[in-house]
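Here's the structure we're looking at; comments come further down.
For ligands, and for the atoms within them, numbers begin at 1 and follow the listed sequence.
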Amino acid sequence: MNNINQNTPPRHRLIPPEELEAQRRAAARIRSREDRPQTFFVVTYGCQMNAHDSELLAGQLREMGLTEAPDRESADFVLFNTCCVRDNAERKALGNITWLKEVRKRNPGLLIAVCGCMAQEPGMAEKLLRQYAFVNLVFGTSNLHRFPELFEEMLDSAAPVIRVDTEDVVAEGLPVSRLRREAAYVSIMYGCDNFCTYCIVPYVRGRERSREMADILREAEGLLESGAQEIMLLGQNVNSYGRGLAEKADFPGLLRALDRLGVPRIRFMTSHPKDLSDELIRVMGEAEHVLPQFHLPVQAGNDEILRRMNRHYDRETYLKKVRALREAVPGIGLTTDVMVAFPGETEEQFLDTLSLVDEVGYDSAFTFIYSPRVGTQAAKMPGQIPPDIARDRIERLIALQDRRQKEVMARFLGQEEEVLVESLSRRSGREVSGKGRHGLSITLPGCDRDVGRIVRVKVTGVKNNTLVGEREVRS
Ligand code: SAH
Ligand code: SF4
Ligand code: F3S
């Protein structure tokens, strides 16, 4: 492990301009090299934070003069931005990295790099060196801002380059190549201080640190000027935004400031129930541009399990916050993360989770089987649940959520919704899909000109957990 735990004092370093300048110079040197790869492809696993990191990595690759290849088979440089939150995420990444070794047989010049959370896992760099020696570069989440220098080192070195520091950093002003222009990710904080006993994130992403509010507002202003319709604020626990900043700031205050800027749609993830304040609930009700949706991971519905997960709330407190949110924002779209088969979970405790999911009635839920992660406290707990019981529990949970979801979604029938159109349906070519204000996916008749625009619809049906809309007025 990084040798950190909840008693380690948090500390972080803002990367000074000279260091970023050195990276820009490295990028310029790479651009003028004849022996550099011409094209890249980034393969991303994991959460939105990783997706945004990939946008920053792609931004730096473009600075180095590379252009994006249509797929990984035809790229000269492939970067795997990995996740390790569950064992299957890790296995998938390792499987795909191995498969690329075959591609190299046809394309001997292919360079392969691995970064992200899995690379930052203790012992992983050594494992990659041993078992995946064909990988050219490995770097951790704390080295993202040094990518050009590491890339240059890789070009100059026959042996794999490995750089997995554990310093907690904040880097401002990195080049970014956004996947979508109309809906942009904005990180507001990094790392996590919560140390939920099952979770590896604090170990691979470091201690919690926030960006200065002025830097976030500047980024949002730029996005607004370039036509963004929506910004998604990112952090492992956005509700605790601002802790440790010299200039006093908190999440409700940040939301109010962004609301005043006039970004048409503001969303955020993820919220930790223990830090969901009355003031945040008030802002949800008052701020015009903050969308009526809330992702509030519950993890479990049983108090004893929640305590052993180190979640710092109980079932009733959680439900009280849900009620308060619904009162402040009638019809709010609620989503969650739920886990089954935490060590020692009994059938009765699992039934508490089922009854909570039934009681809340979520618009959608991400459901997971607990996966032991080396170095976390829960991995050492007695009572690890056998896979057949875990499977049975998740199936019952999914069945319940599916049934509740259909009922919950029916509330939209006949209602008007505003959809930010994300994509053209590949199948029909005459349908588009996007997200409503409450966070649900909606399909509607349309064409490629609609992509990136906000369109009003009347909801006429529900199909496979997606709402179906008819167009009303073009906006
Ligand atoms: N910071 C966010 C989410 C982080 S990871 C939060 O606290 O809600 C996303 C989800 O993955 C978690 O909410 C949790 O449900 C799940 N998860 C994390 N560690 C896990 C593990 N070891 N096994 C199974 N699911 C896990
Ligand atoms: Fe993991 Fe808990 Fe932090 Fe979320 S809040 S990232 S689940 S430790
Ligand atoms: Fe995975 Fe890292 Fe996100 S472990 S869930 S990519 S923070």
Side-chain angles (χ1 to χ4, degrees), residues 4-6 10 43-54 57 80-93 114-122 124 140-142 144 185 187-208 233-241 268-276 294-301 305-306 308-313 318 335-343 345 353 357 362 365-381 384-385 387 390 393-394 397:
I4 60 161
N5 59 46
Q6 39 216 329
V43 185
T44 309
Y45 302 93
C47 62
Q48 281 89 350
M49 275 146 266
N50 249 23
H52 184 48
D53 282 352
S54 287
L57 291 158
F80 288 92
N81 189 10
T82 58
C83 169
C84 58
V85 77
R86 282 169 292 277
D87 184 51
N88 53 4
E90 199 169 305
R91 270 206 313 249
K92 202 157 118 198
V114 179
C115 68
C117 293
M118 188 183 83
Q120 193 81 42
E121 239 183 304
M124 182 51 81
T141 52
S142 53
L144 192 139
Y185 291 134
S187 291
I188 63 168
M189 63 193 310
Y190 308 98
C192 181
D193 268 357
N194 290 312
F195 293 94
C196 301
T197 52
Y198 50 80
C199 186
I200 198 163
V201 171
Y203 303 98
V204 293
R205 288 265 170 185
R207 299 305 298 264
E208 178 184 301
L233 307 174
L234 297 179
Q236 292 296 354
N237 176 10
V238 292
N239 297 3
S240 69
Y241 167 77
F268 50 87
M269 89 188 295
T270 296
S271 288
H272 194 305
K274 79 175 160 62
D275 297 311
L276 169 50
F294 214 101
H295 184 62
L296 194 60
V298 68
Q299 313 300 356
I305 295 289
L306 286 168
R308 291 204 291 115
M309 285 177 164
N310 196 30
R311 290 290 288 180
H312 294 283
Y313 55 85
Y318 181 90
T335 54
T336 199
D337 295 348
V338 198
M339 198 187 298
V340 302
F342 184 77
E345 184 188 68
T353 296
V357 168
Y362 293 102
F366 295 101
T367 52
F368 307 109
I369 293 178
Y370 163 75
S371 164
R373 307 281 66 209
V374 174
T376 60
Q377 284 183 47
K380 291 177 256 159
M381 287 180 187
Q384 304 282 327
I385 307 286
R393 287 184 187 164
I394 196 127
L397 173 64

Please report the interatomic distance [atom1]([X]) to [atom2]([Y]), rounded to the nearest 0.5 Å.
| X | Y | atom1 | atom2 | answer |
| --- | --- | --- | --- | --- |
| Ser54 | Gln48 | OG | CD | 12.0 Å |
| Gln120 | Cys84 | CD | SG | 9.0 Å |
| Asp87 | Ser371 | CG | OG | 5.0 Å |
| Asn239 | Lys274 | CG | NZ | 9.0 Å |
| Met269 | Phe294 | CE | CZ | 11.0 Å |
| Ser271 | Leu296 | OG | CG | 6.0 Å |

**Q.** Mode of Gln236 contact toward ligand 3 - side chain, backbone, both, neither (heavy atoms, under 4.0 Å)
**A.** side chain
Q. Is it the side chain (CB and beyond), the backbone, both or neither of Met118 that lies under 4.0 Å from ligand 3, heavy atoms counted?
A.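 For Met118, no heavy atom sits under 4.0 Å from ligand 3.
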(Q) Report whether any nitrogen, oxygen or sulfur of Cys83 sits less than 2.8 Å from atom 1 (Fe) of ligand 3 (N, O or S, backbone or side chain). (A)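 Yes.
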Q: Could you tell me whether Glu345 and Arg308 make a salt bridge, using a distance below 4.0 angstrom between a side-chain N and a carboxylate O?
A: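 Looking at Glu345 and Arg308, the cut-off is not met.
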Side chain, backbone, both or neither: the part of [X] lying under 4.0 Å from ligand 2 by heavy atom:
| X | result |
| --- | --- |
| Pro202 | side chain |
| Arg311 | side chain |
| Cys196 | both |
| Phe195 | backbone |

Within ligand 3, which atoms have a heavy atom of [X] less than 4.0 Å away?
| X | answer |
| --- | --- |
| Asn50 | 6 (S) |
| Cys47 | 3 (Fe), 5 (S), 6 (S), 7 (S) |
| Cys117 | 2 (Fe), 4 (S), 6 (S), 7 (S) |

When you measure from [atom] to every protein heavy atom, which one gives the shortest distance, and what is it?
| atom | value |
| --- | --- |
| atom 6 (C) of ligand 1 | Thr270 CG2, 3.7 Å |
| atom 4 (C) of ligand 1 | Gln236 OE1, 3.4 Å |
| atom 9 (C) of ligand 1 | Asp337 OD2, 3.7 Å |
| atom 5 (S) of ligand 2 | Asn194 ND2, 3.4 Å |
| atom 19 (N) of ligand 1 | Tyr198 CD1, 3.3 Å |
| atom 5 (S) of ligand 1 | Val85 CG2, 3.9 Å |
| atom 7 (S) of ligand 2 | Tyr198 OH, 3.4 Å |
| atom 6 (S) of ligand 2 | Gln236 OE1, 3.5 Å |
| atom 1 (Fe) of ligand 2 | Cys199 SG, 2.3 Å |
| atom 7 (O) of ligand 1 | Arg311 NH1, 3.6 Å |

Show me which atoms of ligand 1 lie under 4.0 Å from any heavy atom of [X].
| X | answer |
| --- | --- |
| Met339 | 14 (C), 15 (O), 17 (N), 25 (N), 26 (C) |
| Pro297 | 8 (O) |
| Tyr370 | 23 (N), 24 (C) |

Is any side-chain heavy atom of [X] closer than 4.5 Å to a side-chain heavy atom of [Y]?
| X | Y | value |
| --- | --- | --- |
| Leu306 | Tyr313 | yes |
| Arg311 | Pro273 | yes |
| Arg393 | Ile385 | yes |
| Asn194 | Asn237 | yes |
| Glu121 | Tyr203 | no |
| Tyr318 | Thr336 | yes |
| Thr141 | Cys117 | yes |
| Tyr362 | Val298 | yes |

Q: Would you check if the side chain of Asp337 reaches a backbone N or O of Gln299 as a donor-acceptor pair within less than 3.5 Å?
A: no
Check ligand 2 against [X] and write out every atom of the ligand that is under 4.0 Å from a heavy-atom position of the residue.
| X | value |
| --- | --- |
| Val201 | 6 (S) |
| His272 | 5 (S) |
| Cys192 | 3 (Fe), 5 (S), 6 (S), 8 (S) |

Q: May I ask whether Ile369 has any heavy atom positioned less than 4.0 angstrom from an atom of ligand 1?
A: yes
Q.
Is the positively charged end of Arg205 above the ring of Tyr190, judged by distance under 6.0 angstrom from the centroid and angle within 45° of the axis?
A. no
Q | From the candidates Arg373, Met49, Arg86, the one that places a heavy atom nearest atom 11 (O) of ligand 1 | A | Arg86
Where does [X] meet ligand 1, judged by heavy-atom distances below 4.0 Å: at the side chain, the backbone, both, or neither?
| X | result |
| --- | --- |
| Phe368 | side chain |
| Thr376 | neither |
| Ser371 | both |

Q. Below 4.0 Å from any atom of ligand 3, is there a heavy atom belonging to Arg205?
A.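 It does; at least one heavy atom falls under 4.0 Å.
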Q: For ligand 1, find out whether one of its N or O atoms is nearer than 3.5 Å to an N or O atom of Gln299.
A: yes
Q: Please state whether the rings of Phe342 and Tyr370 are parallel, tilted or perpendicular, taking 30° and 60° as the class boundaries.
A: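 Phe342 vs Tyr370 ring planes: perpendicular.
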Q | From CA spacing to verdict: side chain to side chain donor-acceptor pair (under 3.5 Å), His52, Asn50 | A | CA-CA 5 Å; His52 184 48; Asn50 249 23; over 6 Å; no
